[in-house]
Asks: 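Could you have a look at this structure, given as structure tokens, before my questions?
What you are looking at is a predicted structure, and each value in this text was computed from that prediction instead of being measured. Here is how names work: the chains are called A, B, and so on, in the same order as the sequence lines, proteins then strands, and each is numbered from 1.
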There are 2 protein chains.
Amino acid sequence: MSIEFSRTSVSRSPRKRKGQGGERREEILAEALRLIGERGVQGVSTRQIAEAVGISQPSLYAYFPSRDAIVEELHDRAFVLLVQALDQFRPTPGKPLEQAVEYLRVYVDFGLQNPDAYRVAFMIEGAAKPKPPVADPSAKPAMQAFDRLREAVRTLHLNGGAYKADPEALAQCLWAGLHGLVSLLIARPNFPWAEREALIRTHLILLARGVLNDDQAAA
Amino acid sequence: MSIEFSRTSVSRSPRKRKGQGGERREEILAEALRLIGERGVQGVSTRQIAEAVGISQPSLYAYFPSRDAIVEELHDRAFVLLVQALDQFRPTPGKPLEQAVEYLRVYVDFGLQNPDAYRVAFMIEGAAKPKPPVADPSAKPAMQAFDRLREAVRTLHLNGGAYKADPEALAQCLWAGLHGLVSLLIARPNFPWAEREALIRTHLILLARGVLNDDQAAA
DNA sequence: CGAAGCAACCTAACACTGTCAAGATGCTTG
DNA sequence: CAAGCATCTTGACAGTGTTAGGTTGCTTCG
């Protein structure tokens with residue numbers, strides 16, 4: 001890598017006072033997210049994070065059991081932000097199709113406006129190394145985010161009967177459709193995309209039309 | 001990592017004869033893909049690949065300029081396989097909707113049957129480190145694969161007029177929709193998915209309905 | 001005020017990683 | 001048989017995540 005400037009003792013941050021270790025934790029997470037945004041999840045080392053925070057690198061292990069634990073915490077926090085964004089949505093009165101499009105748009109905009117968080121949340125290759133199954137998966141922020149989509153589909157179902165299909169499957173299709181667009185837009189910025197605004201609208205209308213029945217879609 | 005068995009000289013492969021260096025190249029790629037399938041892209045080291053092939057680890061650098069070059073070659077080859085799969089498709093006569101669903105299904109099945117290849121092709125975080133732009137991007141296998149989707153949408157457009165929207169954007173929506181489902185199914189095997197067959201059919205019908213116009217979809 | 005206790009933090013070291021430099025080996029052709 | 005060169009090796013370097021063990025210095029209690 002060969003960094004130019006001096007590597008020896010770069011402006012250490014003053015030692016935290018006795019009960020304030022939590023502050024360090026937050027600083028670590030903040031710097032980690034910032035660096036990941038610049039260099040990608042794989043491009044950031046614990047030494048770089050520690051140097052940005054202003055502590056020695058093994059000190060990280062006083063706050064996190066491993067490097068992956070830092071990423072995982074960012075992962076969970078990203079989902080919390082997503083859930084907040086979805087919950088803050090208040091539909092403007094109008095056609096069901098437009099309302100559905102608006103709601104799905106919240107997901108897309110979240111991803112595009114917080115690409116670092118979205119990357120960490122969805123696009124890390126954590127798989128292939130089997131992790132011990134977590135105690136209560138439904139408590140994880142990721143599941144709570146999906147619950148919002150499930151709930152949205154169910155509401156549409158009640159409010160006039162959506163396209164005849166398992167609502168659970170429909171919600172998963174919605175999620176897959178949204179994730180596909182967002183992840184590709186983030187991961188492949190060099191692809192010759194169509195004009196972004198039109199592309200997103202087309203995609204969301206396509207998805208919404210698939211979930212709504214024909215009457216709702218036409219209304 | 002701490003491997004049990006002996007590390008010193010584990011059954012070297014005999015030296016290739018003079019013009020046969022290409023064989024080694026293929027062996028390296030094969031072992032690399034196999035190991036990546038087992039342990040994930042990040043979980044495989046050049047030393048592990050070299051040991052599996054039966055050569056010393058720096059020997060890899062006689063065939064590839066870097067570790068990433070190995071992954072990238074696998075990446076391109078995965079797309080070639082995808083293009084082949086798409087090109088081999090011959091529709092069974094029937095309704096336009098069913099034909100479209102069948103065609104999209106080729107993409108999904110390819111991803112699910114070749115998860116290693118699909119991972120390497122689509123789900124590696126190659127971004128964030130800006131690569132020098134390739135000379136002719138349209139020559140890359142990835143682009144050729146997308147061309148197939150573009151062509152499919154255009155055919156539908158001619159054969160009766162698809163949903164009114166930019167065909168290019170529609171093709172990109174299709175791709176995003178397909179990729180979303182495949183990548184999530186591969187990356188999140190522990191998610192409480194709906195029954196897979198029904199899920200895929202629901203998703204593909206949703207996408208196809210979005211591209212076809214109402215008459216075609218109903219026919 | 002002084003001393004105990006412990007949170008906060010550090011240095012040193014380990015096994016691993018990708019990559020480079022320089023040399024040895026041995027098939028193949030003249 | 002000898003030259004030439006593709007093939008492959010050993011050795012080293014700087015980087016990585018992680019652990020062990022020791023030091024610092026704030027805080028609280030006697």
Asks: What is the distance from CZ of A/Arg25 to P of C/dA8, rounded to the nearest Å?
Replies: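 Result: 12 Å.
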Asks: Which listed nucleotide (C/dC9, D/dT16, C/dT19) is nearest to the side chain of A/Ser45?
Replies: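 That would be D/dT16.
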Asks: For the pair made of CZ in A/Arg15 and C1' in C/dT11, what is the distance, rounded to whole Å?
Replies: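 Taking atom C1' of C/dT11 as the reference, CZ of A/Arg15 is at 14 Å.
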Asks: Give me the one residue out of B/Leu82, B/Asp87, B/Leu86, B/Val80 that meets side-chain contact (heavy atoms from CB on, under 4.5 Å) with B/Gln84.
Replies: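 Among B/Leu82, B/Asp87, B/Leu86, B/Val80, the one that satisfies the side-chain contact (heavy atoms from CB on, under 4.5 Å) with B/Gln84 is B/Val80.
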Asks: Compare the minimum distances between each of D/dT9, C/dG18, D/dT18 and the side chain of A/Thr46, then state the nucleotide with the smallest one.
Replies: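 Side chain of A/Thr46 sits closest to D/dT18.
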Asks: Give one of base, sugar-phosphate or nothing for B/Gln57, where a contact means two heavy atoms less than 4.0 Å apart.
Replies: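 It contacts base atoms.
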Asks: Counting only side-chain nitrogens and oxygens, does B/Ser56 get under 4.0 Å of the OP1 or OP2 atom of D/dC8?
Replies: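 For B/Ser56, the contact criterion (side-chain N or O under 4.0 Å from OP1 or OP2 of D/dC8) is not met.
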Asks: Within less than 4.0 Å of OP1 or OP2 of D/dT10, is there a side-chain N or O belonging to B/Arg12?
Replies: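 The answer is yes; a side-chain N or O of B/Arg12 sits under 4.0 Å from OP1 or OP2.
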Asks: If you compare every side-chain N and O of B/Arg24 against the phosphate oxygens of D/dC8 (OP1, OP2), does one of them come in below 4.0 Å?
Replies: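 Yes, such a contact exists.
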Asks: Please state how far atom CZ in B/Arg17 lies from atom C1' in D/dC5, giving the value in whole angstrom units.
Replies: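 Answer to the nearest Å: 17 Å.
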Asks: Which whole-number value in Å describes the distance from B/Ile28 CD1 to D/dT7 P?
Replies: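 Whole-Å distance recorded here is 11 Å.
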Asks: Nearest whole Å is fine: how far is D/dC13 P from B/Tyr61 OH?
Replies: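 From B/Tyr61 OH to D/dC13 P: 17 Å.
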Asks: Regarding C/dG18, can its base be found pairing with the side chain of B/Arg47 as donor and acceptor, where the two atoms are less than 3.5 Å apart?
Replies: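 Such a pair exists between side chain and base.
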Asks: Does C/dC9 have its OP1 or OP2 closer than 4.0 Å to a side-chain nitrogen or oxygen of A/Tyr63?
Replies: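 Yes.
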Asks: With the side chain of A/Lys16 defined as its heavy atoms from C-beta on, choose the nearest nucleotide among C/dT19, D/dT10, C/dA8.
Replies: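 Between C/dT19, D/dT10, C/dA8, the one nearest the side chain of A/Lys16 would be C/dA8.
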